[in-house]
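Below is one structure; the comments refer to it alone.
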Amino acid sequence: MKKVLFVCLGNICRSPMAEGIFKQKTREMGLEDIIESDSAGTAAYHIGENPDPRTLDALKKHGISFNHTARRAIKKDADRFDFILAMDSQNYRELQSILPSDFKGLFKMRDFDQEGPGTDVPDPYYGADDGFENVFEILDRSIDEFITKELLRSPS
Ligand code: 4NP
């Protein structure tokens, strides 16, 4: 079983969108029995909430039905997960300070984006609705690359 955690700031926009896309893709690939996923936030503002309605709309537009209850990322996530994917460099730094220093599975989501390697998944929370579609497209291609180039190549 391989376990993947997606992390953003509030756990209501980018990371639940990533989790919804990832679950759909791994289901379509018949991998749902060997891969588990979750998402979390580095901040506490939205704990217990469902994803932002604009996140759910963007997923629905692409045929993905999904729900999630927001939670905060914790140190113990390093024991539970093989990969922890941060949406931006602020989340990445925050995770570096929470997780044990010998945890080897921390990446930035866009390390896997051939169109903008290493850059941030932009925070769509305060922007216009089309920001969510932009985030969807970034995540869609980055997750494909993560699955084929990292996840499926890692020892089980
Ligand atoms: P997320 O977006 O980190 O992608 O879930 C945000 C959600 C909420 C806030 C900021 C970003 N906020 O400031 O409440």
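From a predicted model like this one, the values you see are computed outputs, not experimental measurements. Remember, it's 1-based here, ligands and their atoms both numbered in the order they're listed. FYI, side chains are in, hydrogens and waters are out, and symmetry mates aren't considered; it's all heavy atoms of this structure.
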query = Which atoms of ligand 1 are found less than 4.0 Å from any heavy atom of G10?
reply = 1 (P), 3 (O), 5 (O)

inquiry  = Quick test: of every protein heavy atom, which one is nearest to atom 1 (P) of ligand 1, and how far off is it to 0.1 Å?
reply    = C8 SG, 3.5 Å

remark   = When distances are taken from atom 5 (O) of ligand 1, the protein heavy atom at minimum range is C13 N, 2.9 Å

task = For the residue pair N11 and H68, confirm or rule out a side-chain donor-acceptor distance under 3.5 Å.
result = yes

ask   = Between H46 and ligand 1, which part of the residue brings a heavy atom under 4.0 Å of the ligand: side chain, backbone, both or neither?
value = side chain

Atoms of ligand 1 close to D123 [distance to a heavy atom under 4.0 angstrom, numbered from 1] = 2 (O), 6 (C), 10 (C), 11 (C)

ask   = Do any N or O atoms from the side chain of D113 and from the backbone of S142 form a donor-acceptor pair under 3.5 angstrom?
value = no

query = Under 3.5 Å, N or O to N or O, is I12 touching ligand 1 that way?
reply = yes

request  = Sequence neighbours left out, what passes ring pair (Phe, Tyr, Trp, His ring centres under 6.0 Å) with F103? Give chain and number order.
outcome  = none

ask   = Short N/O distance, under 3.5 Å, between R14 and ligand 1?
value = yes

From M17, E19, R14, residue fulfilling side-chain contact (heavy atoms from CB on, under 4.5 Å) relative to F6 = E19

inquiry  = Check for me, please, whether L106 and I74 land in the same ILVMFWY cluster - side-chain distances under 4.5 Å, paths through other members count.
reply    = no

ask   = Using 30° and 60° as the class limits, which term best fits the ring planes of F83 and F146: parallel, tilted or perpendicular?
value = perpendicular

inquiry  = If you take the nearest heavy atom of each of F6, Y125, F132, which one is closest to atom 12 (N) of ligand 1?
reply    = Y125

4.5 Å side-chain heavy-atom contact, V4 and F81 = no

query = Can you pull the side chain to side chain donor-acceptor pair (under 3.5 Å) pairs that have at least one residue in residues 71-84, sequence neighbours excluded?
reply = D38-R71, R71-D77

note = For atom 13 (O) of ligand 1, the closest protein heavy atom turns out to be Y126 OH, 3.4 Å

ask   = Numbering the atoms of ligand 1 from 1, which are under 4.0 Å from a heavy atom of Y45?
value = 12 (N), 13 (O), 14 (O)

message = Just to be sure I read this right, does ligand 1 sit under 4.0 Å from the backbone of D52, its side chain, both, or neither, counting only heavy atoms?
response = neither

